[in-house]
K.L.:
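Have a look at the structure that comes next, please.
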Amino acid sequence: MKKIILLSVSALLFTACGDTTQPLSNTKQTSVTVSNTNSLVVPGHKTETQPTPPPTTGGSSTSPMQKPVDVAAQTAAIEKADKELKASPNDEAAKKALAKAYFDRAFVLTEAAQYRSALGDFRKGLKLDPTDEKAKGMHDQIIDIFKSIGREPPKEGEEPPPVTTEKPTA
């Protein structure tokens with residue numbers, strides 16, 4: 001059986017290099033016509049259509065690798081730190097605490113391939129604490145990845161919310 005397959009593939013390749021269209025036959029007496037086109041599709045087989053690529057603007061397209069993630073603890077930390085900062089708007093420690101809460105959630109989102117959502121949290125955190133080198137580096141890396149694949153990152157303020165896991169109701 002392996003010899004038949006190998007011979008058939010070899011014959012197809014050999015014939016495909018020729019200048020004319022020639023019928024080939026295998027041991028089961030079925031014929032295949034091979035032309036000298038650059039296509040690797042055997043006549044009679046359907047080609048799969050490629051999906052339409054996502055828009056190249058900042059829209060809400062998602063990564064195919066994106067996974068829902070539980071960020072409830074990080075979101076609660078953001079809400080708590082935000083209340084503390086609102087109570088003491090000039091407190092540098094409160095600003096850094098809120099920035100850290102945003103960065104914590106951003107790193108979790110990055111691990112879940114939720115780059116657009118993570119970018120929003122990095123941006124919010126960097127406004128509060130622009131000295132965090134790790135967060136700045138990850139922010140810049142996400143921007144560079146968008147550019148390298150020819151996509152626009154979401155505009156500031158247009159980042160989607162995190163895609164979270166569904167918690168079972170008790």
Side-chain angles (χ1 to χ4, degrees), residues 5 9 12-13 16 35 37-170:
I5 293 172
V9 170
L12 285 172
L13 290 174
S35 65
T37 64
N38 289 331
S39 174
L40 296 177
V41 178
V42 177
H45 289 190
K46 294 182 180 180
T47 59
E48 293 183 23
T49 58
Q50 295 297 321
T52 305
T56 57
T57 58
S60 64
S61 66
T62 59
S63 165
M65 296 172 54
Q66 176 176 295
K67 300 176 292 221
V69 65
D70 182 9
V71 289
Q74 292 81 8
T75 302
I78 289 170
E79 291 168 356
K80 179 181 177 200
D82 188 47
K83 284 180 185 177
E84 290 173 7
L85 181 60
K86 286 179 181 173
S88 304
N90 296 324
D91 184 1
E92 286 300 314
K95 282 184 184 178
K96 287 200 184 256
L98 180 56
K100 182 184 179 323
Y102 275 120
F103 296 150
D104 289 345
R105 186 169 74 178
F107 283 110
V108 171
L109 293 170
T110 301
E111 287 292 318
Q114 294 190 36
Y115 305 114
R116 293 173 182 275
S117 300
L119 192 57
D121 282 353
F122 281 124
R123 287 173 173 164
K124 291 172 189 171
L126 287 168
K127 281 187 175 185
L128 297 163
D129 181 10
T131 64
D132 190 305
E133 292 299 320
K134 187 175 176 185
K136 176 74 172 133
M138 186 57 74
H139 169 274
D140 293 347
Q141 186 176 359
I142 292 172
I143 296 292
D144 289 344
I145 290 170
F146 274 106
K147 288 179 182 176
S148 74
I149 61 173
R151 304 247 170 102
E152 287 287 323
K155 291 179 175 57
E156 192 168 338
E158 295 181 3
E159 302 92 349
V163 177
T164 59
T165 56
E166 295 292 323
K167 292 206 172 203
T169 55

K.L.:
Under the rule for side chain to side chain donor-acceptor pair (under 3.5 Å), what residues qualify as partners of Asp104, not counting sequence neighbours?
P.N.:
Lys100

K.L.:
Please list, chain by chain and in numerical order, all residues satisfying side chain to side chain contact (heavy atoms under 4.5 Å, CB included) with Val108, sequence neighbours excluded.
P.N.:
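Partners of Val108 by the side chain to side chain contact (heavy atoms under 4.5 Å, CB included) criterion, ordered by chain and then number, come out as Val69, Val71, Gln74.
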
K.L.:
Do you know which two heavy atoms are closest between Glu159 and Arg123, and how far apart they sit?
P.N.:
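For Glu159 versus Arg123, the nearest heavy atoms are OE2-NH1, 2.5 Å.
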
K.L.:
Give the intermediate values and the outcome of salt bridge (Lys or Arg N to Asp or Glu O under 4.0 Å) for residues Lys95 and Glu92.
P.N.:
CA-CA 5 Å; Lys95 282 184 184 178; Glu92 286 300 314; 3.7 Å; yes

K.L.:
With sequence neighbours excluded, tell me which residues meet salt bridge (charged side-chain N to carboxylate O under 4.0 Å, His left out) with Lys124.
P.N.:
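Lys124: no salt bridge (charged side-chain N to carboxylate O under 4.0 Å, His left out) contacts found.
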
K.L.:
Roughly how far, to the nearest 0.5 Å, is the CD atom of Glu156 from the CG atom of Leu119?
P.N.:
8.5 Å

K.L.:
Partners of Pro161 by side chain to side chain contact (heavy atoms under 4.5 Å, CB included), sequence neighbours excluded?
P.N.:
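Not a single residue meets the side chain to side chain contact (heavy atoms under 4.5 Å, CB included) criterion with Pro161.
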
K.L.:
For the residue pair Arg116 and Pro154, what are the closest heavy atoms and their distance?
P.N.:
NH1-CD, 3.5 Å

K.L.:
Of all heavy-atom pairs between Pro160 and Ser117, which one has the smallest distance, and what is that distance?
P.N.:
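Closest approach of Pro160 to Ser117: O-OG, 2.9 Å.
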
K.L.:
Does Lys67 have any salt bridge (charged side-chain N to carboxylate O under 4.0 Å, His left out) partners at least two apart in sequence or in another chain, and if so, which?
P.N.:
none

K.L.:
Could you list the residues that satisfy side chain to side chain donor-acceptor pair (under 3.5 Å) with Ser148, not counting sequence neighbours?
P.N.:
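For Ser148, no residue satisfies side chain to side chain donor-acceptor pair (under 3.5 Å) once neighbours in sequence are set aside.
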
K.L.:
Show your reasoning for whether side-chain contact (heavy atoms from CB on, under 4.5 Å) applies to Leu128 and Lys96.
P.N.:
CA-CA 7 Å; Leu128 297 163; Lys96 287 200 184 256; over 6 Å; no

K.L.:
Just grab all the ring-ring contact (aromatic ring centres under 6.0 Å, His included) pairs involving residues 109-151, residues at least two apart or on different chains.
P.N.:
Phe107-Phe122

K.L.:
Could you tell me the separation between the NZ atom of Lys155 and the CD atom of Glu152, rounded to the nearest 0.5 Å?
P.N.:
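So the gap between those two atoms works out to 6.5 Å.
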
K.L.:
Mind checking salt bridge (charged side-chain N to carboxylate O under 4.0 Å, His left out) for Lys86 and listing every partner two or more places apart, or none if nothing turns up?
P.N.:
Asp82

K.L.:
Give the intermediate values and the outcome of side-chain contact (heavy atoms from CB on, under 4.5 Å) for residues Asp70 and Thr164.
P.N.:
CA-CA 5 Å; Asp70 182 9; Thr164 59; over 6 Å; no

K.L.:
When rounded to the nearest 0.5 angstrom, what distance separates CD1 in Ile149 from CG in Asp144?
P.N.:
11.5 Å

K.L.:
Any idea which heavy atoms bring Ala94 and Ser88 closest together, and the distance?
P.N.:
CB-O, 4.4 Å

K.L.:
Show the numbers, then the answer: is there a side-chain contact (heavy atoms from CB on, under 4.5 Å) between Leu126 and Phe103?
P.N.:
CA-CA 9 Å; Leu126 287 168; Phe103 296 150; 3.9 Å; yes

K.L.:
With Asp91, which residues qualify under side chain to side chain donor-acceptor pair (under 3.5 Å), at least two apart?
P.N.:
none

K.L.:
Once side chain to side chain contact (heavy atoms under 4.5 Å, CB included) is applied, do any residues pair with Glu84, and if so which ones, sequence neighbours excluded?
P.N.:
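By the side chain to side chain contact (heavy atoms under 4.5 Å, CB included) rule, Glu84 matches Lys80.
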
K.L.:
For Glu79, give me all partners under side chain to side chain contact (heavy atoms under 4.5 Å, CB included), at least two apart in sequence or on another chain.
P.N.:
Thr75

K.L.:
Taking only residues two or more places apart in sequence or in another chain, which ones pass side chain to side chain donor-acceptor pair (under 3.5 Å) with Asp140?
P.N.:
Lys136

K.L.:
How long is the gap from CD1 on Ile78 to CG on Leu98, to the nearest 0.5 Å?
P.N.:
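Ile78 CD1 to Leu98 CG: 7.0 Å, rounded to 0.5 Å.
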
